[in-house]
Amino acid sequence: MTATLISEKRLLPPCRAACPAHVNVQAYVSLIQRGKFREAVEVIRKDMPFPAICGRVCFSPCEDACARVNVDQAVAIRALKRLVADIEHEQGRVTPEPIPKKYSEKVAIIGAGPAGLTAAYELAKLGYPVTVFERMSEPGGMMRYCLPNFRLEKFVVANEIAYIQDLGVEIKTGVEFGKDVTLESLKADGYKAVFIAIGTQKGMKLNVPGEDLEGVVNAVDFLRAVALGEHVTVGERVAVIGGGNTAIDAARTAKKLGAKEVMILYRRSREEMPALPHEVELAEKDGIKIYLLVAPKQIIGENGKVKAVECLRMRLAEPDESGRRRPVPISFSEHQYEVDMVIPALGQVAETECLPAEVLSKEKRGPPLQVDPLTLETNVPGVFAGGDIATGPASIIEAVGAGKKAAVSIHLYLTGQDLRKGREEKIEETTWVKNWSSIRKKERRYEAPIEKPHLSFEEAAEYLERTKQKARFEAFRCLGCGPCAECLASMDLCEGDKAVVDENRCIGCNVCAVICPVEAIKKNEKGIAQVNEDLCKGCGLCAARCPEQAITMKKLTNEQILTFALATLRR
Amino acid sequence: MEHNTPKIVCFMCNWTYCQEDLQVPSNVNIARVACIGRIDPVIVLETFAHGADGIMIVGCKPPDCHFVDGNLQAERTVKVLKKLMALTGLEPERLKLFWSSPLEEISFSYLAREFSEDVWKLGASPLKEPESKISVNLLAAKNAASDFRLRVLLGREEELTEFMNAYGEKISQKEFDALLDDVVKAEFIRHKIHVLTKTKPLSVKDLAEILGIKPAAVLRHITNMRRKGMIALDRVEGTTPLYKALEVK
């Protein structure tokens, strides 16, 4: 009931509006306030299937948008999400019942990465039989094969995928699209819709001389080999080229695998680095050197092996189309770094060879697939594509957003409805706070544990209890910007309670307007208090204070409270 | 007088203790509210009237409140309620406000047991005695708490003490407390007069005797009440005017 209420209005708190998957942040933070950790995970799962993964590695646009920054710092949303997911894991997840198949139309999803799995999850929840085809031996895509273990443990990915499988999604691994299955074979097998979410798997090339020397390994290949458990030899001195998260991951992995010295070479300054700031800090803590404003000119080899990277110094010129300042080489600034391994981490491109020609874009530049940004349709009816393949390499949460979008499109397509109708989301960010100085400052009190301490069983229980308390404390920093129904936390009690003014009794004394914490009640032109139901959170402070007792609550009236209070006295 | 386990009613904020973690002693009844600021003073007095021996109000420790400062509003309510209870003849210790914070390790059952013990020492609620004199007082207190004057002062406290009144004056907390004290007393007496004269018309002298205050003070209250339409002259017996309560809308 509340879900429809929200989707009609689309009046969202900043955190939820900023999230590509529109996860109901306020609701689960509210549930954490009340100590309902299990319910919090369920709320996250309503919007996306990866609470534990996103709790670890999401770049958390929600925290950047958090209204609390106007007072002090953003609420530690990601850390809270991680905690609730970890608590669920610790206590044991309840295996969900497989969702009965309401529809007979089969859906095929190519690629078991975040986009594909989310689409499968959403479609399975709607009641479609879904099959996911994955080329690698394990599902998870980049989450499984590109994120190193110290950032995202493999068992976490496996657990989240197990949940999706429990819902009745079939995942076929070791099936390569374009070879083992094609669009035609899928159609022949009775699949009515296909979602292509193969991502961008190929590392971009440096395009400098000496790239074929032994000791030059692309970051994606390097991380994948490590994730696959292959025997990877790292050099003594390693240069990672690039400034994204993959570069940082590769550098830290190389260091952990035993490289004596690891350096990151980035052609712009630190401000332009796309990597998460705290990841960069962690890399520096690991002893990784970061050289800024340098770009490789060539890789110098000796006997077919890497000996050094020759670099040029750069200076920053005016911003380019990405908004970052463009690096310009400074002539005659060549200098060398003695290394025996070079890991280029410049981004990824899609492997387009496996894709049938008819879905490919005709244009040379831009993404390989021409996809409608609203519906994710390709040129071929019934074939949808999304995630990194359509947008270029992005984040997990953006892929989740694409997966959700694709699921809605596929559902509309299969039921023969208009794909575009009502899809254009008009989201309005709201917050009730008008005066930021009126809010008391409270510093952030909870951060996710970076290294979990080694503890005995009893200690661990106590540690968890303490962490829970700290997390609840942190959750109380949430201002609760969104409208009332946003918070599903107290629904069992208030059921979206609202204040009602008895117009015949109201004398316009304005006490309620002063009392209301969210400025939901105001005097109208007739001098009578009026409740703005979009803002009212149903706290009832006005009802408790109204001098004429003209304000009552819809659900939790005074009589209702009294009945609760006297339940055992009237015996 | 023998006394049994006291019956405790606990008004608890929906956001404090987690329902699942609560261990509630059998003599305690919990009523969850959206915020403890929601608690109307009338509800508390009504609960006492129905035989609660003690009432605990549990809310979030400032500065944590899901509704910014609902807990501070509750603090004000409790302050006034304690004054009213003292006037009623009900021990103010029977009402207690507790702060709970997720970082504190005191469990609810500990708080409840401590409070039960304190209330047990006070004995059973005097309102439980048949035909207790206090019940008239409690009715007066309840009416006072639901009347305009007290509530508007309560509602305006923050505005008046932290900002300014309509004349641009800032009232100090001390001044405000003194004013509140006066208003509570006056309102209580007026409503007691109102309750007393409801059943039968009484003279100023009778009232002064019952209330234990000077006749002049009673007359002043009655003048005020007549102006507000709470009371009217019923008849004159000899030279003594008798007053009777009017129905208040």
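As a basis for the values below, the full set of heavy atoms in this structure was taken, side chains included, without hydrogen atoms, waters or symmetry mates.
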K.L.:
What is the minimum heavy-atom distance between B:V33 and A:L556, and which atoms define it?
P.N.:
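So the minimum-distance heavy-atom pair works out to CA-CD2, 4.1 Å.
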
K.L.:
I need the B:D40 CG to A:L562 CG distance, nearest 0.5 Å.
P.N.:
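Reported to 0.5 Å precision, the distance equals 10.5 Å.
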
K.L.:
Where does B:C10 contact chain A at under 4.5 Å (heavy atoms): side chain, backbone, both or neither?
P.N.:
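Neither the backbone nor the side chain of B:C10 comes within 4.5 Å of chain A.
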
K.L.:
Are any side-chain N or O atoms of B:R38 and backbone N or O atoms of A:I561, one a donor and one an acceptor, separated by less than 3.5 Å?
P.N.:
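No, the answer is negative, given that no donor and acceptor are paired below the 3.5 Å cut-off.
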
K.L.:
Can you find a heavy atom in the side chain of B:V42 that is under 4.5 Å from one in the side chain of A:Q549?
P.N.:
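A side-chain contact under 4.5 Å exists here.
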
K.L.:
Return the option, out of A:A565, A:G540, A:P547, with the maximum number of heavy-atom pairs under 4.5 Å with chain B.
P.N.:
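The option with the most such pairs is A:P547.
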
K.L.:
Measure the CG-CZ distance between B:N29 and A:F564 for me, rounded to the nearest 0.5 Å.
P.N.:
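Separation between the atoms: 10.0 Å.
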
K.L.:
With rounding to the nearest 0.5 Å, note down the distance linking CD1 in A:I515 to CG in B:D69.
P.N.:
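These two atoms lie 7.5 Å from each other.
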
K.L.:
Against chain B, work out which of A:C546, A:C539, A:C509 has the most heavy-atom pairs shorter than 4.5 Å and name it.
P.N.:
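Counting heavy-atom pairs under 4.5 Å, the top option is A:C539.
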
K.L.:
Checking B:I43 against chain A: side chain, backbone, both or neither under 4.5 Å from a heavy atom?
P.N.:
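It is both, since atoms from each part get that close.
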
K.L.:
Taking side chain as everything from C-beta outward and backbone as N, CA, C, O, which of these in A:I507 sits under 4.5 Å from a heavy atom of chain B? Side chain, backbone, both or neither.
P.N.:
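The side chain, not the backbone.
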
K.L.:
Chain A heavy atoms under 4.5 Å from B:V9: which part of the residue, side chain, backbone, both or neither?
P.N.:
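Answer is side chain: those atoms of B:V9 sit under 4.5 Å from chain A.
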
K.L.:
Using the rule side-chain contact (heavy atoms from CB on, under 4.5 Å), only one of B:R156, B:E157, B:Q73 pairs with A:R545; which is it?
P.N.:
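Between A:R545 and the candidates, side-chain contact (heavy atoms from CB on, under 4.5 Å) is satisfied uniquely by B:Q73.
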
K.L.:
Are there more than 12 heavy atoms of other residues, nucleotides or ligands under 6.0 Å from atom NZ of B:K61?
P.N.:
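12 or below, so no.
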
K.L.:
Report the distance from atom OG1 of B:T16 to atom CZ of A:F476, rounding to the nearest 0.5 Å.
P.N.:
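Reported to 0.5 Å precision, the distance equals 7.5 Å.
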
K.L.:
Determine whether A:N558 and B:E46 satisfy the following criterion, side-chain contact (heavy atoms from CB on, under 4.5 Å), listing intermediate values before the conclusion.
P.N.:
CA-CA 10 Å; A:N558 281 1; B:E46 189 79 48; over 6 Å; no

K.L.:
Given 3.5 Å as the limit, does a donor-acceptor pair link the side chain of A:R472 with the main chain of B:S101, or not?
P.N.:
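Pair absent, no side-chain N/O of A:R472 close to backbone of B:S101.
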
K.L.:
Tell me, for B:L72 versus chain A, whether the close heavy atoms (under 4.5 Å) come from the side chain, the backbone, both or neither.
P.N.:
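When you check distances to chain A, only side chain atoms of B:L72 fall under 4.5 Å.
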
K.L.:
Take atom NZ of B:K96 as the centre, draw a 6.0 Å sphere, and report whether it contains more than 12 heavy atoms from other residues, nucleotides or ligands.
P.N.:
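Check fails, neighbour count at 12 or below.
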
K.L.:
Please report the closest heavy-atom contact between A:G538 and B:A34, naming both atoms and the distance.
P.N.:
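What the structure gives for the nearest pair is O-CB, 3.6 Å.
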
K.L.:
With a 4.5 angstrom heavy-atom cut-off, is it the side chain or the backbone of B:V44 that approaches chain A, or both, or neither?
P.N.:
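The answer is neither part of B:V44.
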
K.L.:
Checking heavy atoms, do the side chain of B:N27, its backbone, both or neither come under 4.5 Å from chain A?
P.N.:
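Contact with chain A is absent: no heavy atom of B:N27 under 4.5 Å.
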
K.L.:
Quick one: does A:R34's side chain have a donor or acceptor within less than 3.5 Å of a partner on B:N14's backbone?
P.N.:
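Yes; at least one donor-acceptor contact below 3.5 Å.
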
